[in-house]
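One structure is given here, and the rest of the page talks about it.
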Amino acid sequence: MDLEYRPQEIERKWKEVWRTTGVHKAHGHTNKPKYYCLDMFPYPSGNGLHVGHWRGYTISDVWSRYKRLLGYEILHPMGWDAFGLPAENYAIQNGIHPRVATEKNIANFKRQLEEIGAMYDWDREVNTTDPDYYRWTQYFFVKMFERGLAYRKKMPINWCPSCKTGLANEEVVDGRCDRCGAEVTKREMYQWMLKITAYADRLLDDLDKLDWPEHVKRMQRAWIGRSEGARIRFKVDGSTDEIEVFSTRPDTIYGATYMVLAPEHPLVQSITTEDRQADVERYVEESLRKSNIERQVVDKTKTGVFTGAYVKHPLVDRKLPVWVADYVLMDYGTGAIMAVPAHDERDFEFAKQFGLDIIPVVQPEDGEAEELYTGDGRMINSESLNGLGVEEAKREAVKLLSATGQAEATVNYRLRDWVFARQRYWGEPIPIVHCDMCGPVAVPEDQLPVTLPEVERYEPTGTGESPLAAIESFVNTTCPKCGGPAKRETDTMPQWAGSCWYFLRYADPHNHEAPFSQEAIHYWLPVDMYIGGVEHAVLHLLYSRFYVKFIHDLGLIQFDEPFQRLFTQGMITLNGAKMSKSKGNVVNPDDIIATYGVDALRMYEMFVGPPEDEAEWNTNGLEGVARFLGRTFRLVAGHAAHPVPGRDSLHKLRHRFVATLTERMESFRFNTSVSAFMEYVNALSNEAKQGLDPDTLETLTIAISPFAPHLGEELWSLLGHKESVFEAAWPTYDETWLKDDEVEIAIQINGRVRGKLVVAADISEADAIALAKRAPDIQEWVQGKEIVKELYVKGRLVNIVVKG
RNA sequence: GCCGGGGUGGCGGAAUCGGCAGACGCAGCAGACUUAAAAUCUGCCGGGCCAAAAGCCCGUACGGGUUCAAGUCCCGUCCUCGGCACCA
């Protein structure tokens, strides 16, 4: 018997076996329960995968294989989110068509993913750039258009001057482009928008039914940003204009002492008095010139100018001056506020700066009213509201104002509609035709897909027009409605479009009649476990939820949430930093595999730390795991040919191991799961001299297979099995073996351990204490002392409290 | 600023129902095997007092508290990571 562990040989052999037997294919209809375990599909970059990417893929593969051993029919697919800027930019720089570069990258990614030994069913591979796929991406857009959820609007949007395209709000981080880091500017453009705000409440409420990490749900809740309040209208003095504001504190209406309009507010022009014109114009111009970043600096001093105009207070005979200030943002609420400096920090600062009135209207229940007070309390200086609590006063104030039609209760969201157009080449063409007679018309479903034309140049124009606009043969077409001459929409969809529904396509990837069949979608969906990076918490994960709710409303699916359970794995760092090619701190899995084998890499990815936490890559740790696999191989291989009958010590170890491991697997604690293997193998090493029984050898082999599938198969065949180890069942345990007859307990004096004692596991409290008090070790601690208290914690310890 | 997570040996991390802190791994030290090395195997491995062992004392960011008993619960402080950031 050759007891040398040669991972490369074993791994090559079993990969070949898996390819020929097709053991990883998902079968649509069996009598097993289904389980859909999904990875966030990657963007196939030119850099390939590093060990950081592999962590998530390894977790999902271990989980899929574990679930399979538990008897589930598994869907574990993989595909490519292959539209996007990097391929396009690379194409421009090197004169290679993005499709060619993308195909090459996909081939490399696929090779690497096959290397992991993951049980992907490659028959179901999905590629967002495949016209057979994006036909359906366009189909869903058409459906949205038909229902008024996709609309075109001229508005100032976020523009990345470096990527030369518009961006969604979600893609702007700290005023910078999420992708390239360039400072984002505003640009007034016609844009295709998706009305995600129509789903705001459902997107918010349904978070409650998801088994997702709390912090991800929290991020989505914050992003949607629901806040209840009121819209209140103020009449401009000496004019028919009204200024509408949104306020979450209508209770403080009597404390409003001035109004503020955002510099972009449409009323600024018309209400400004002649003598104030020059100042206001200058201020507005300056504000608009400032970048988002400058305007977002919080601790800067407040700036603003008086417009010369006043509004009438809706409830009392008082005039409030109207100011323009950039601390009010045009794209939240109505772009105008009523300022209550006594109870709002920002208004207070502004009022102090410009010497405006401050009228307190809320008094804290106990103690003095401070100049600025934002807490709860009782209303004062508020006529009929006086004496009410804040919550009650909010309701009363709205009632009071709405009686004269000056206000109504409303809900406001931070979430904006989704800017869905990109002025770039490498994306799904938006399937719309612009007709002078009929306006924008959707391309009929039977004419989809609108395919990307072959082009010579795909440089972005930077003018706000897509490169497609220059291709006459693409642009010029006829109107599907009236048949007259018309022009195609030349913007493309953002990269998120294809990933919003790809998980549905895996259920039925080759369907030419529909995005998926009812039968397939019914069987496999929703996704039971979704694994990926937390960076998508409010982008992909919010967009996908929106799409699924929309597709649900179309009546195509019964469920309205795509991902029942979400797991976000932590990053792998090297030298404390995220791995990236530009930082030069990338560990390439290909090198690791050549030295230690892929099973060792998989095992180490699981062992490196709690899967949800960030973890530092350490080659020494990998070596330790590789050593452990070698020990395991020698242990099982060395006893496979001549097992001995089982004995109690082996039964006990085995049942305890299975109980511990299963518990840790179920709670997704893979790092301690690996520890459980190590402890078990260490214990078995001591037992090995007396031989090992078949149950022990098989249990260890089956259990380790999800982690080290090649090793698992090899050992399983050494144990004489002809079929795959993944046809076996996850081992079970018997409670009776978890109990000890005798246990060692600690004897504590005043809470400190002073001795040990072996007692029967079911010993009574009285007996345990009596035995403890007689123990020789503790005599010196109790002699001549008064015993105040005695406790026995079952199976753990006796504590004797003494005095003196 | 607001919200949330987290501070444990030389290192990664165990232990979260309050019950013997440091599982497992790495690094280190000593030994076995070997002509030798690698590989493999065995033992030790938080700090202090002590020649050593036994033993005692200290020890889970810091300061208090509750409790027979606190890494774990409560109050306060510091640090760190993540999210949001003039959202009315």
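Just so you know, these numbers use all the heavy atoms, side chains as well, and skip hydrogens, waters and symmetry mates. Note on naming: letters A, B, ... go to the chains in the order of the sequence lines (proteins, then strands), and numbering restarts at 1 for each one.
Taking only side-chain atoms of Arg754(A), from C-beta outward, the nucleotide of A88(B), G13(B), C57(B) with the closest atom is C57(B). Residue Lys789(A) places its side chain closer to C68(B) than to any other of A14(B), G25(B), C68(B). Distances from the side chain of Ser227(A) to the nucleotides G4(B), C20(B), A88(B) place A88(B) closest. The side chain of Val753(A) has C20(B) as its nearest neighbour among C20(B), A88(B), A27(B). The side chain of Asp326(A) sits closest to C86(B) out of C86(B), G13(B), U40(B). Distance from the side chain of Met219(A) is smallest for G83(B) among the nucleotides C86(B), C20(B), G83(B). Taking every side-chain heavy atom of Met678(A) into account, C24(B) is the closest of C68(B), C86(B), C24(B).
Expressed to the nearest 0.5 Å, how far OG1 of Thr257(A) lies from NE2 of His313(A) amounts to 9.5 Å.
Under 4.0 Å is where a charged nitrogen must lie from a carboxylate oxygen, and between Asp762(A) and Lys739(A) no such pair does. The existence of a salt bridge linking Arg233(A) and Glu408(A) is confirmed by a sub-4.0 Å separation between a basic side-chain nitrogen and an acidic carboxylate oxygen. Ion pairing of Asp208(A) with Arg221(A) is present here, as a side-chain N (NZ or NE/NH1/NH2) and a carboxylate O approach within less than 4.0 Å. At a threshold of 4.0 Å, the pair Glu790(A)-Lys773(A) counts as salt-bridged, since one of the basic side-chain nitrogens sits closer than that to a carboxylate oxygen. In this structure, Arg602(A) does not pair ionically with Glu605(A), as no charged nitrogen and carboxylate oxygen lie closer than 4.0 Å. A salt bridge between Asp777(A) and Arg754(A) is absent, with no side-chain N of the basic residue lying under 4.0 Å from a carboxylate O of the acidic one.
Residue contacts for Trp781(A): at a heavy-atom cut-off of 4.0 Å it reaches the sugar-phosphate backbone alone, with no base atom in range. Within the 4.0 angstrom heavy-atom criterion, only backbone atoms of the sugar-phosphate kind lie near Val608(A); the bases stay farther away. Contact annotation for Gly609(A): no contact, since no heavy-atom pair falls under 4.0 Å across all strands. Within the 4.0 angstrom heavy-atom criterion, base atoms lie near Gln748(A). Using a 4.0 Å heavy-atom distance criterion, Asn671(A) is classed as a sugar-phosphate-only contact. Residue contacts shown for Phe607(A) include a base, since a base heavy atom lies under 4.0 Å away. Here Glu790(A) lies out of heavy-atom contact (under 4.0 Å) with every strand. Across all strands shown, Glu616(A) has no heavy atoms under 4.0 Å from either base or sugar-phosphate atoms.
Donor-acceptor pairing under 3.5 Å is lacking for the side chains of Tyr327(A) and Glu349(A).
Closest non-hydrogen pair, Pro263(A) versus Val284(A), comes out as O-CG1, 3.6 Å. Of all heavy-atom pairs spanning Leu653(A) and Ala683(A), the tightest one is CD2-CB, 3.8 Å. Between Ile359(A) and His343(A), the shortest heavy-atom contact is O-NE2, 4.4 Å. In plain terms, the two heavy atoms of Leu356(A) and Pro321(A) that are nearest each other are CD2-CG, 4.3 Å.
Contact annotation: Asn682(A) side-chain N/O to G25(B) OP1/OP2 distance is under 4.0 Å. Not one side-chain nitrogen or oxygen of Arg669(A) sits closer than 4.0 Å to the OP1 or OP2 atom of A23(B). Side-chain N/O atoms of Arg627(A) include one lying less than 4.0 angstrom from OP1 or OP2 on C26(B). Look at Arg414(A) and you won't find any side-chain N or O under 4.0 angstrom from OP1 or OP2 of C84(B). Dashed line: the shortest gap from a side-chain N or O of Asn750(A) to OP1 or OP2 of A69(B) is not under 4.0 Å.
Following rounding to the nearest Å, Asn620(A) (CG) and G13(B) (C1') show an atom-to-atom distance of 15 Å. In this structure, CZ of Arg752(A) is placed 9 Å from P of A21(B), rounded to the nearest angstrom. In this structure, Arg634(A) atom CZ and A39(B) atom P are separated by 12 Å, rounded to whole Å. Distance Asp331(A) CG to A88(B) P: 13 Å, rounded to the nearest Å. Regarding Phe670(A), its CZ atom lies at a distance of 19 Å from the C1' atom of G12(B), rounded to whole Å. Separating the CD atom of Glu349(A) from the C1' atom of G1(B) is a distance of 11 Å, rounded to the nearest angstrom. A straight line from CG of Asn575(A) to P of G12(B) spans 14 Å, rounded to a whole angstrom. For His215(A) and G6(B), the NE2 to P distance is 12 Å, given to the nearest whole Å.
The nearest heavy atom of RNA chain B to Ile745(A) and to Gly621(A) marks one nucleotide each, and the one closer to the 5' end goes with Ile745(A). RNA chain B is contacted by both Glu780(A) and Glu623(A); Glu623(A) maps to the nucleotide lying nearer its 5′ end (nearest heavy atom per residue).
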- Note on the structure: Under the rule of Watson-Crick or G-U wobble with both distances under 3.5 Å, where | means paired to another strand and [ ] a crossing pair, RNA chain B maps to (((((((..(((......[....))).(((((.......))))).((((.....))))..(((((..]....))))))))))))....

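If you take atom P in A51(B) and the same atom in A70(B), they sit 33 Å apart, rounded to whole Å. Taking the C1' atoms as reference points, A61(B) lies 34 Å from A54(B), given to the whole Å. The same atom, C1', is picked in C74(B) and in G18(B); the two are 13 Å apart, to the nearest Å. For the C1' atoms, the distance linking U72(B) with G65(B) amounts to 15 Å, nearest Å. Spacing of P atoms, G71(B) relative to C62(B), comes out at 12 Å, to the nearest Å. Going from the P atom of A14(B) to that of G22(B) covers 15 Å, rounded to whole Å. Comparing the C1' positions of A21(B) and A69(B) gives a spacing of 14 Å, expressed to the nearest Å. The separation of G48(B) from G9(B), taken at their C1' atoms, amounts to 15 Å, rounded to a whole angstrom.
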- For Asp344(A) and Arg249(A), run salt bridge (Lys or Arg N to Asp or Glu O under 4.0 Å): C-alpha distance rounded to whole Å, both residues' side-chain angles, the deciding distance at 0.1 Å, then the answer. CA-CA 10 Å; Asp344(A) 180 282; Arg249(A) 295 293 304 273; over 6 Å; no

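G9(B) takes the syn form, because its glycosidic angle lies no more than 90° either side of 0.
Taken residue by residue, residues 791-801 of chain A places heavy atoms nearer than 4.0 Å to RNA chain B at Leu791(A), Val793(A), Arg796(A), Leu797(A), Asn799(A), Val801(A).
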